[in-house]
Number of protein chains: 2
Amino acid sequence: MTLPYRLVIIEDDPTVRELLHDYLGRQPELACVLVADSAEALLAWLPDAVQPPQLILLDIHLPGRSGLDILPRLRQLAPTAEVVMQTVFEDSASIFEALRRGASGYLLKSTPLPALKAALLEVMQGGAPMSRAVARQVLAHFRPRPLAPSAVLTEREQEIVQNLVAGLSEKQVAQQLGISVQTVHSHSKSIYRKLHVSSRSELLNSLR
Amino acid sequence: MTLPYRLVIIEDDPTVRELLHDYLGRQPELACVLVADSAEALLAWLPDAVQPPQLILLDIHLPGRSGLDILPRLRQLAPTAEVVMQTVFEDSASIFEALRRGASGYLLKSTPLPALKAALLEVMQGGAPMSRAVARQVLAHFRPRPLAPSAVLTEREQEIVQNLVAGLSEKQVAQQLGISVQTVHSHSKSIYRKLHVSSRSELLNSLR
DNA sequence: GCGCTTCTCCCCTAAATAGGGTAGAGAGCA
DNA sequence: TGCTCTCTACCCTATTTAGGGGAGAAGCGC
C-alpha cells in the first residue's frame with residue numbers, strides 16, 4: 001500500500017489526546033508525526049519538521065491561542081496540509097469562521113473514532129467531511145433568508161429583490177424581466193416601504 | 001422498527017430508474033410511493049397523494065422542466081419533503097442554485113447504491129449529504145476570493161470595497177472610516193478603474 | 001532632491017436611485 | 001356590479017453615485 005499520511009494531532013485534554021493518539025496511531029493509513037497540546041507547540045514544531053504534515057486534526061478551543069486564530073498562520077507555514085477542525089461547539093459563527101480561514105473539514109467531538117478516521121481519509125481524497133449538524137448549517141447558509149420577503153412581498157416583488165441584491169441595476173432588472181425601468185422603480189418603492197428600508201444599502205443589510 | 005420513509009424517485013433514464021427502484025425499494029427503511037420519469041409527473045401526482053412524500057430523489061437534468069426549475073414549486077406543494085438532487089454535473093452554478101432553492105443534499109450519479117441509501121437516511125436524520133466533489137466546492141465558497149482585491153487594490157481600497165459590498169452607502173463608509181464622502185468617492189473611482197467595473201452593481205457581480 | 005504612490009479633499013457634469021404622486025389594465029372576490 | 005390587489009407605466013423633485021478633472025501632504029526608494 002501507499003505510505004501512511006503524516007498526521008498531526010493538537011488536543012489539550014490529555015485523556016482525549018491519548019485516546020486519539022492510540023486509535024489513529026494504530027491505523028496503517030496514518031502516521032502521527034506530532035501529538036501536542038497547544039497551537040504554539042505546533043507552530044514551533046513546523047519549521048523543524050523534516051517533512052511537512054499532510055493532515056492536521058485541530059481542536060478549536062485550546063488554552064492560549066485558539067485553533068481558529070492559528071489557521072491563517074498555519075496556511076503559511078504548511079500550505080499543503082489539510083486541516084480538520086474538531087470542536088464541541090456547533091455555533092455557526094465558529095463554523096463559518098473556520099471554513100473561511102481555510103479548514104477542509106469540521107467535525108464535532110462526538111464523532112466516533114472510526115468515523116473520525118474515515119473523515120481524515122476522505123479529506124486526503126479531496127473530500128470535505130462535515131458532521132451532520134455542521135453540514136446542515138452550511139447548507140442553510142445558501143437558502144434565501146425567509147425573514148420578511150416570503151411573507152410580506154408579492155411574487156413579483158420577491159423577484160425584483162432577488163435581482164437587486166444580486167447586484168443588478170434597476171435598468172438591468174428591467175431588461176432582465178422585460179419591463180420598464182419605471183415599473184422596476186415602482187416595485188422597489190413598494191419593497192422599501194414594506195421592508196422599512198430607504199436605500200439599496202439598507203436592503204442588502206436587512207437581508208444579510 | 002419505525003415506518004419506512006415515503007420516497008419519490010424522479011429519473012428519466014429507464015435503466016437507471018429501474019435500478020434505483022429495485023435497490024431502494026428493497027430497503028426496509030424506504031418505501032417508494034412514486035417512481036416517475038419527469039418533473040411534471042411529480043407535480044401532477046402531489047395533490048392527489050394520500051400522504052405527502054418525505055424524501056424526493058430528483059434528477060437535475062430532465063426532459064422538459066429541469067429538476068432545478070421545479071424546486072421552488074416543490075417546496076410549496078410538499079414543504080416537509082426533503083429533496084436530494086442527483087446529477088452528472090458538478091459545476092458550481094448548478095450546485096449552488098440547487099442548494100439555494102432548498103435542496104437538502106447533492107449527490108453525483110456516480111454514487112454507489114449503498115452510499116445513496118445511506119445519504120437518503122442521513123437526510124432524514126437531519127444531515128446534508130454531499131458527494132466529495134460537491135462538499136469541496138461548497139467549502140471553497142467560503143474562502144475569501146483571491147481574485148483581484150488582494151493583488152491589485154491597496155489596503156485602504158480593500159477596506160472600502162468590504163464596506164461597499166457589505167451594503168453601506170458611500171456616506172456611511174465615510175462615517176465608518178472617519179473620512180469625507182469625497183475621499184470615499186475617490187477611492188471607489190480608483191477601485192472601479194482597477195477592477196474594470198463601472199457601477200456598484202458590477203462590483204458586486206465581479207466579487208460574487 | 002526627485003519621482004512615485006497613497007491617502008486625503010475639492011471641483012464639475014451626468015446618470016442612477018429614492019420617494020412622492022397618479023393611473024390604467026386584469027384578476028379575484030363579495 | 002363594485003371593490004381590492006397586483007402589475008404596469010408615467011410625472012415630479014431630491015439625493016446619491018459615476019466619472020472626469022485637480023491638488024496638497026506623507027511616505028518610500030533611488
Handout entry: Position toward the 5' end of DNA chain C (nearest nucleotide), A:Ser188 or B:Lys189
Key =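 Nearest nucleotide further toward 5': that of B:Lys189.
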Practice task
Describe the nucleic acid contact of B:Ser190 in one word from base, sugar-phosphate, nothing, applying a heavy-atom distance below 4.0 Å.
Solution key: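 Contact class for B:Ser190: none.
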Side chain of [X]: nearest nucleotide among [options]?
{"X": "A:Thr183", "options": "D:dG19, D:dA9, C:dT17", "result": "D:dA9"}
{"X": "A:Tyr192", "options": "C:dA18, D:dG20, C:dT17", "result": "C:dA18"}
{"X": "A:Gln182", "options": "C:dC7, D:dA9, C:dC9", "result": "D:dA9"}
{"X": "A:His185", "options": "C:dT8, C:dA18, D:dC10", "result": "C:dA18"}
{"X": "B:Glu170", "options": "D:dT17, C:dG19, D:dC7", "result": "D:dT17"}
{"X": "A:Arg200", "options": "D:dG19, C:dC10, C:dA18", "result": "C:dA18"}

Exercise for the section: Examine distances only and state if a side-chain atom of A:Arg136 and a backbone atom of B:Gly127 form a donor-acceptor pair shorter than 3.5 Å. Expected result: yes
Practice task
Only one of A:Ile10, A:Leu116, A:Val35 passes side chain to side chain contact (heavy atoms under 4.5 Å, CB included) with A:Leu57; say which it is.
Solution key: A:Leu116
Exercise for the section: Could you tell me whether the side chains of A:Thr183 and A:Ser180 share a donor-acceptor contact shorter than 3.5 Å? Expected result: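 Side-chain D/A pair, A:Thr183 to A:Ser180: present.
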Handout entry: Minimum side-chain heavy-atom gap B:Ile9-B:Leu58 below 4.5 Å
Key = no
Problem - Quiz item: A:Ser186 side-chain donor-acceptor pair to D:dC7 base, under 3.5 Å - result: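 Such a pair does not exist between side chain and base.
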